[in-house]
Amino acid sequence: MNGRVWKIALVGSLVLNAFLVGGLAGGAYQWFTAQRMHVAAPAPHVALRFATEGLSAQRQAQFLEALRTARRDNREYAREGRVARREVLALLAAPQLDGAALDAALARTRAVDTALRAAVENGVAGFAATLTPEERKVFADGLRERGQWREPPAPARAAQGK
């Protein structure tokens with residue numbers, strides 16, 4: 001081989017190696033970035049129990065106890081709701097769809113879900129009644145960010161208004 005062929009082979013090898021090193025470096029960067037994102041960005045707390053994060057630890061404990069009490073006192077509604085949802089699923093899976101039975105099962109499900117939600121909301125209202133006006137404002141802000149009263153992010157609200 002003459003000198004010209006060696007130069008072309010060397011340049012081709014350098015170009016190929018540059019692409020390979022760039023690909024490896026880019027892949028490593030993507031992998032490390034993804035790993036860091038999983039560690040650095042925990043899932044936001046949107047459950048109702050996190051609505052008191054801005055309040056004192058004592059108030060947070062009181063709220064959790066009020067939620068537990070409301071749920072404990074209304075376990076029967078939760079059980080009835082599970083049974084009614086299973087019945088709805090069984091009716092939907094049946095070979096013949098019985099519309100009247102499905103409507104009745106859905107109505108039962110709705111009724112117990114509404115009763116359970118009312119009980120939990122009354123527990124939340126009862127807790128709010130024990131707060132000072134400043135604490136209630138913090139609590140309302142927490143509810144606005146978490147739980148059933150959570151508002152959608154600002155861009156989504158702006159799109160709804162159009």
Side-chain angles (χ1 to χ4, degrees), residues 23-162:
L24 288 173
Y29 173 77
Q30 291 290 328
W31 186 77
F32 283 120
T33 302
Q35 293 299 318
R36 187 176 36 206
M37 297 277 273
H38 288 288
V39 172
H45 296 144
V46 293
L48 181 59
R49 69 178 181 264
F50 297 112
T52 56
E53 282 186 342
L55 298 176
S56 69
Q58 179 185 6
R59 288 297 197 181
Q60 289 178 19
Q62 288 172 347
F63 182 64
L64 288 177
E65 185 55 36
L67 282 179
R68 277 190 210 106
T69 301
R71 290 179 178 146
R72 186 178 332 118
D73 292 348
N74 296 285
R75 274 188 209 146
E76 188 59 29
Y77 287 133
R79 190 194 62 73
E80 288 176 27
R82 283 190 300 273
V83 169
R85 278 188 284 284
R86 284 186 202 119
E87 184 181 347
V88 167
L89 292 174
L91 288 168
L92 287 173
Q96 289 287 4
L97 183 64
D98 184 355
L102 181 61
D103 288 343
L106 286 170
R108 280 192 301 280
T109 303
R110 239 179 267 113
V112 295
D113 286 348
T114 301
L116 180 59
R117 181 174 177 158
V120 170
E121 288 173 350
N122 287 336
V124 169
F127 170 75
T130 67
L131 299 175
T132 66
E134 295 81 22
E135 289 174 326
R136 267 197 320 276
K137 181 177 181 336
V138 171
F139 184 54
D141 290 341
L143 289 172
R144 194 172 288 116
E145 296 171 11
R146 297 165 180 86
Q148 308 74 313
W149 298 282
R150 184 173 59 243
E151 292 183 353
R157 279 189 302 229
Q160 288 174 353
K162 290 183 181 179

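- Distance CG/D73 to CG/L116: 11.0 Å, rounded to 0.5 Å.
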Report task. Test T130 against R59 for side chain to side chain contact (heavy atoms under 4.5 Å, CB included), laying out the working first. Result -> CA-CA 10 Å; T130 67; R59 288 297 197 181; 3.5 Å; yes
Report task. Test V83 against V112 for side chain to side chain contact (heavy atoms under 4.5 Å, CB included), laying out the working first. Result -> CA-CA 10 Å; V83 169; V112 295; over 6 Å; no
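- In terms of the side-chain contact (heavy atoms from CB on, under 4.5 Å) criterion, residue partners of V138 (sequence neighbours excluded) are, by chain and number, L55.
- Between R85 and D113 there is a side-chain heavy-atom pair separated by less than 4.5 Å.
- Once rounded to the nearest 0.5 Å, the distance linking CZ of R72 with CD of E65 reads 5.5 Å.
- Residues passing the side chain to side chain donor-acceptor pair (under 3.5 Å) test with S56, sequence neighbours excluded: none.
- Here side chain to side chain donor-acceptor pair (under 3.5 Å) pairs that include residues 86-100, with residues two or more places apart or in two chains, are E87-R108.
- Side chain of E145 to backbone of A51: no donor-acceptor contact under 3.5 angstrom is found.
- Atoms CG and CG, from L92 and L106 in turn, are 7.5 Å apart once rounded to the nearest 0.5 Å.
- Across all their heavy atoms, A105 and A84 have their closest contact at O-CB, 4.3 Å.
- Under the rule for a side-chain contact (heavy atoms from CB on, under 4.5 Å), T114 has no partner lying at least two apart in sequence or in another chain.
- By the ring pair (Phe, Tyr, Trp, His ring centres under 6.0 Å) test, Y77 pairs with no residue at all, sequence neighbours left out.
- Under 4.0 Å is where a charged nitrogen must lie from a carboxylate oxygen, and between R79 and E76 at least one such pair does.
- With sequence neighbours excluded, no residue forms a side-chain contact (heavy atoms from CB on, under 4.5 Å) with A90.
- Interatomic distance, CZ of F50 versus CD of Q60, reported as 10.0 Å (0.5 Å rounding).
- Contact annotation: the side chain of F139 approaches that of V124 to within less than 4.5 Å [non-hydrogen atoms, C-beta and beyond].
- In this structure, CG in N122 is found 9.0 Å from CG in N74, a value given to the nearest 0.5 Å.
- Nearest heavy atoms, G123 versus A66: O-CB, 4.3 Å.
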